[in-house]
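Below is one structure, written out as structure tokens; the observations come after it.
We use all heavy atoms of the structure for the numbers below, so side chains are in, but hydrogens, waters and symmetry mates are not. Just follow the structure's listing: the first ligand is 1, and inside any ligand the first atom is 1. For this chain, numbers begin at 1 and follow the sequence in order.
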Amino acid sequence: MKLFLSTDFEGTSGVVAWEQIIEGSAEYEQGRRLLTDEVNAVINGAVQGGATEFVVNDSHHHMRNLHPQDLRGHATLITGRHKPLYMMEGLDASFDGVCLVSYHGSIGAEHAVLSHTYNPGAIWEVRINGEVVGESGINALVAAHYGVPIIFVSGDAVTVQEAQSIAPDAEKVIVKQSIGRFAASHTHPIVACELLRAGAQHAAQNISSMRPPEFKQPVSLEVTFLVADMAEMACWVRDVERVAPRVVALTNDSLLDLYRMFVTVVTLTRALVDR
Ligand SMILES: [Zn+2]
């Protein structure tokens, strides 16, 4: 059984501030330890549930948060920036399941610690077929394209709730309750890791009953930006259409190409983020 782990960082127990999860900050090493323990808890549990092969795609910020020698399960680690499939780089049809680890709520969610949708400096909201989605919903396009079920999701309560529609049968583990965008009540890391281990074991054991995410065709992905210039710039990409001053619609028959269009739009509009 071969599993793909897409690991973010904001959904780790103990994490509430950018300073804990951005390289070079004083608290970063502490954050990285907490994240690594959670990723390993998922791998250990999945091994107990029958998984034998792991590819971990570090998906947060500059994507060098995990160190290969610290990972359990002899996992292959994908790190570094500018990956064509970004948070889903490395996934293909050879995998049996996808685990979304340490994920977080979408930018507009209520009580979602460190909430954002890809780029908080540019993206105000993303909808797929009219429904507001977070990163789990967007990344599910790639899982759906390759026909691989999302079997496990972890983060705060909002993360789990947002993943419900794309992965109804996935094992979901809540490691903290968000109080606001920069505050949360954390399950103790030892307890959190035990929950993650047990959840991943259960997910692996039940993998045969899980189905890949489904999207009703034709799929339309709408991005609302913070400012109109970003929407203007997004239209430089073929098949991106302006539907309101700050809103563009992306359409493509291929779910993979739709995700790639989204990644292109995200990358392009970074040029207009105010700092
Ligand atoms: Zn994220």
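- R246 CZ: more than 12 foreign heavy atoms inside a 6.0 Å radius.
- Under 2.8 Å from the Zn ion (ligand 1) lies an N/O/S atom of H104, whether from backbone or side chain.
- Not counting sequence neighbours, the partners of E194 by the side chain to side chain donor-acceptor pair (under 3.5 Å) test are R197.
- No other N/O/S atom of E135 lies as close to the Zn ion (ligand 1) as OE1 does.
- Of all N/O/S atoms in D8, OD2 sits nearest the Zn ion (ligand 1).
- Residues V16 and L114 approach most closely at O-CD2, 3.5 Å, considering heavy atoms.
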Identify all side-chain donor-acceptor contacts of residues 132-141 below 3.5 Å with residues at least two apart in sequence or on another chain.
from, atom 1, to, atom 2, distance (Å)
E135, OE1, H104, NE2, 2.9
E135, OE2, H104, NE2, 3.4
E135, OE2, H116, NE2, 3.3
E135, OE2, Y118, N, 2.8
N139, OD1, Y118, OH, 2.5
N139, ND2, Y103, OH, 3.0
N139, ND2, E135, O, 3.2

